[in-house]
*Asks:* 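Before we start, here is the structure in question, set down as structure tokens.
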Amino acid sequence: MTFPHDDMTAQFLLPDRPVVGRLVRLGDVADEILSRHAYPEPVANLLGEAIALAALVGGSLKFDGRLIVQAQGDGPVSYLVVDYDTDGSLRGYCKFDPDRVAEVSQGFVRPGAETLLGQGAFVMTVDRGEDMGRTQGAAPIKGETLALCAETYFNQSEQLPTRVVLGVQRIDGKWRAGGLMIQLIAPDDLRGSTEDAWDHARAIVNTLAEDELTDPRLSAEALMFRLFHEDGVRLLPGKPLVAQCRCSQERVEGMIRSFDPEAVADMIEPDGQIHVTCEFCSRTYQVSPEEAGASA
């Protein structure tokens, strides 16, 4: 069943306050990405946070390009990456050690970002295409949710006060995810001090429960009204999101041809073919030695 207001990202405004925000609701998109691999629940939860976060931040980009959210460390999850394309497509992947994840998952509290990733870095990269290049910023892994990593990133790298809430749940056997982010518009001579407005908005967001972000019975409009009805909140039209990988037969063949002939020859399996499985979507491609520019 497809619920209304799922798989979308939308900006919202508080007309009388120098605060802008963005909301993300993910249903089928979250479930498709998280179900492609046999992720343990804590790992799926962490990747779900990253997917929602990438859609939150990427949805604010004003140009055609891509946002890459990455985290890597010395913990049970060694690497996490999510790609958001400005056409609304998302894909994500986690590399983890099952035994170490099981070890830290003992107890009543589900392990979060810092426990799973350990000591490491949270990185966001904006790719504006070949002509513009990439810009990148990093922050330390901090706290048990990627929301804290993102807040640290914006506060340190861009001096932009930011509050982020992320939620991931499995409801009726399907994964759902959501996120909400507010940011303070820089003060100027006309606005004067914005401290009180920021404290007000942040206090309201602090009342938001993670399960409200994933509740399929709670529409985006109802959630916004519940939080900011006294501020005359305006929810702008949403942008649809899809789970879509960028892999293709052509890309795989081009990648293989970039290797030297000896390396390509080593990839040939007993059936005489080369098999490549995409880490993101788990699709397996078959490439003949002739297509790869090698001989068996």
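Not measured: the values here are computed from a predicted model.
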*Asks:* Would you mind listing every salt bridge (charged side-chain N to carboxylate O under 4.0 Å, His left out) that reaches into residues 48-63, with sequence neighbours excluded?
*Replies:* none
*Asks:* Should the heavy atoms of other residues, nucleotides or ligands under 6.0 Å from CD of Gln249 be counted, would the total exceed 12?
*Replies:* yes
*Asks:* Can I get a per-line list of side-chain donor-acceptor pairs under 3.5 Å for residues 239-247, giving both atom names and the distance, sequence neighbours left out?
*Replies:*
{"unit_1": "Lys239", "atom_1": "NZ", "unit_2": "Thr86", "atom_2": "O", "d": "2.2"}
{"unit_1": "Arg246", "atom_1": "NH1", "unit_2": "Asp83", "atom_2": "OD2", "d": "3.3"}
{"unit_1": "Arg246", "atom_1": "NH2", "unit_2": "Asp83", "atom_2": "OD2", "d": "2.9"}

*Asks:* Less than 3.5 Å apart, any donor N or O on the side chain of Tyr285 or Glu253 sitting next to an acceptor on the other?
*Replies:* no
*Asks:* Does Tyr39 form a side chain to side chain contact (heavy atoms under 4.5 Å, CB included) with Asn45? I'd like the steps, not just the answer.
*Replies:* CA-CA 9 Å; Tyr39 292 123; Asn45 183 80; over 6 Å; no
*Asks:* Closest heavy-atom contact between Leu235 and Ala220?
*Replies:* CD2-CB, 3.8 Å
*Asks:* Which residue pairs pass the salt bridge (charged side-chain N to carboxylate O under 4.0 Å, His left out) test with at least one member in residues 108-121, sequence neighbours excluded?
*Replies:* Glu41-Arg110
*Asks:* Indicate the atoms forming the closest heavy-atom contact of Gly143 with Leu148, along with that distance.
*Replies:* CA-CD1, 3.7 Å
*Asks:* Just so I know, are the side chains of Pro76 and Phe96 near enough to count as touching, which here means a heavy-atom distance under 4.5 Å?
*Replies:* no
*Asks:* Check whether any side-chain heavy atom of Thr9 sits under 4.5 Å from a side-chain heavy atom of Arg22, and report yes or no.
*Replies:* yes
*Asks:* Check Leu26, Asp31, Asp6 against Arg176 for a side chain to side chain contact (heavy atoms under 4.5 Å, CB included) and give me the one that passes.
*Replies:* Asp6
*Asks:* How long is the span from the OG atom in Ser219 to the CE atom in Met224, to the nearest 0.5 Å?
*Replies:* 10.0 Å
*Asks:* Indicate yes or no: does Asp172 engage Lys174 in a salt bridge with an N to O separation below 4.0 Å.
*Replies:* no
*Asks:* Going by heavy atoms in the side chains, are Val264 and Pro261 under 4.5 Å from each other?
*Replies:* no
*Asks:* Under the rule for salt bridge (Lys or Arg N to Asp or Glu O under 4.0 Å), what residues qualify as partners of Glu210, not counting sequence neighbours?
*Replies:* none
*Asks:* Between Asp28 and Trp175, is any pair of side-chain heavy atoms under 4.5 Å apart?
*Replies:* no
*Asks:* Which residues pass the ring-ring contact (aromatic ring centres under 6.0 Å, His included) test with Phe225, not counting sequence neighbours?
*Replies:* His229
*Asks:* Using the side chain to side chain contact (heavy atoms under 4.5 Å, CB included) rule, take Thr135 and Thr125 through it: C-alpha gap first, then chi angles, then the decisive distance, then the call.
*Replies:* CA-CA 6 Å; Thr135 58; Thr125 304; over 6 Å; no
*Asks:* How many angstroms lie between OG in Ser60 and CE in Met181, if you round to the nearest 0.5 Å?
*Replies:* 5.5 Å
*Asks:* Could you work out, with ring-ring contact (aromatic ring centres under 6.0 Å, His included) as the rule, every residue matching Tyr153, not counting sequence neighbours?
*Replies:* none
*Asks:* Roughly how far apart are Leu13 CG and Arg234 CZ, rounded to 0.5 Å?
*Replies:* 5.5 Å
*Asks:* Going by an N to O cut-off under 4.0 Å, is there a salt bridge joining Arg66 and Asp127?
*Replies:* yes
*Asks:* Once side-chain contact (heavy atoms from CB on, under 4.5 Å) is applied, do any residues pair with Asp231, and if so which ones, sequence neighbours excluded?
*Replies:* Leu14, Arg17, His200, Ile204, Phe228
*Asks:* Taking side chain as C-beta onward, heavy atoms only, is Leu180 less than 4.5 Å from Phe12?
*Replies:* yes
*Asks:* Could you tell me which non-hydrogen atom of Ile274 sits nearest to which non-hydrogen atom of Ile256, and how far apart they are?
*Replies:* CG2-CD1, 3.8 Å
*Asks:* Would a hydrophobic clustering, with Ile, Leu, Val, Met, Phe, Trp and Tyr connected at side-chain separations under 4.5 Å, put Leu213 with Val69?
*Replies:* no
*Asks:* Would Leu67 and Leu61 satisfy side chain to side chain contact (heavy atoms under 4.5 Å, CB included), going step by step from the backbone distance to the final call?
*Replies:* CA-CA 9 Å; Leu67 174 77; Leu61 298 179; 4.1 Å; yes
*Asks:* Determine whether more than 12 heavy atoms belonging to other residues, nucleotides or ligands lie under 6.0 Å from atom CG of Asp64.
*Replies:* no
*Asks:* When you look at Leu46 and Leu80, which way does the side chain to side chain contact (heavy atoms under 4.5 Å, CB included) test go after all the steps?
*Replies:* CA-CA 9 Å; Leu46 182 67; Leu80 173 154; 3.7 Å; yes
*Asks:* Side chains of Gln273 and Ser288: do they bring a donor and an acceptor to under 3.5 Å?
*Replies:* no
*Asks:* Suppose we screen for ring-ring contact (aromatic ring centres under 6.0 Å, His included). Which residues come up paired with Tyr93, at least two apart in sequence or across chains?
*Replies:* His37
*Asks:* Of all residues at least two apart in sequence or in a different chain, which pass the salt bridge (Lys or Arg N to Asp or Glu O under 4.0 Å) check with Glu144?
*Replies:* none
*Asks:* Quick check for you: to the nearest 0.5 Å, what is the distance between Met267 atom CE and Phe259 atom CZ?
*Replies:* 4.5 Å
*Asks:* For Glu250, look at atom CD and say whether over 12 heavy atoms of other residues, nucleotides or ligands are found less than 6.0 Å away.
*Replies:* no
*Asks:* What closest approach, in Å, do Val287 and Val252 show between heavy atoms, and which atom pair accounts for it?
*Replies:* CG2-CG1, 3.9 Å
*Asks:* Same cluster or not: Phe63 versus Met124, using hydrophobic residues (I, L, V, M, F, W, Y) connected whenever any side-chain heavy atoms lie under 4.5 Å apart?
*Replies:* yes
*Asks:* How would you list, by chain and number, every residue that makes a side chain to side chain donor-acceptor pair (under 3.5 Å) with Thr207, sequence neighbours excluded?
*Replies:* none
*Asks:* Do you know the tightest heavy-atom contact between Leu53 and Val164?
*Replies:* CD1-CG1, 4.3 Å
*Asks:* Looking at Glu212 and Arg226, does any basic side-chain N land under 4.0 Å from a carboxylate oxygen?
*Replies:* yes
*Asks:* For Asp74, enumerate each residue passing the salt bridge (Lys or Arg N to Asp or Glu O under 4.0 Å) test, keeping only those at least two apart in sequence or located in another chain.
*Replies:* none
*Asks:* Report, as yes or no, whether the 6.0 Å neighbourhood of atom CD on Gln119 holds more than 12 heavy atoms from other residues, nucleotides or ligands.
*Replies:* no
*Asks:* Are Tyr84 and Leu146 connected in a single hydrophobic cluster, I mean Ile/Leu/Val/Met/Phe/Trp/Tyr linked by side-chain heavy atoms less than 4.5 Å apart?
*Replies:* yes
*Asks:* With the 4.5 Å side-chain cut-off for hydrophobic clustering, are Val43 and Phe122 part of the same group?
*Replies:* yes
*Asks:* Could you check if a side-chain atom of Leu34 sits within less than 4.5 angstrom of a side-chain atom of Arg36, using non-hydrogen atoms only?
*Replies:* no
*Asks:* Given side chains that start at C-beta, do those of Thr214 and Val168 come closer than 4.5 Å, heavy atoms only?
*Replies:* no
*Asks:* Give me the atom names and distance for the closest heavy-atom approach of Pro111 to Leu116.
*Replies:* O-CD1, 3.8 Å
*Asks:* Within a strict 4.5 Å, meaning less than it, do heavy atoms of the Leu184 and Leu160 side chains meet?
*Replies:* no
*Asks:* Going by the rule side-chain contact (heavy atoms from CB on, under 4.5 Å), which residues pair with Ser78 if we only count those two or more places apart in sequence or in a different chain?
*Replies:* Lys95
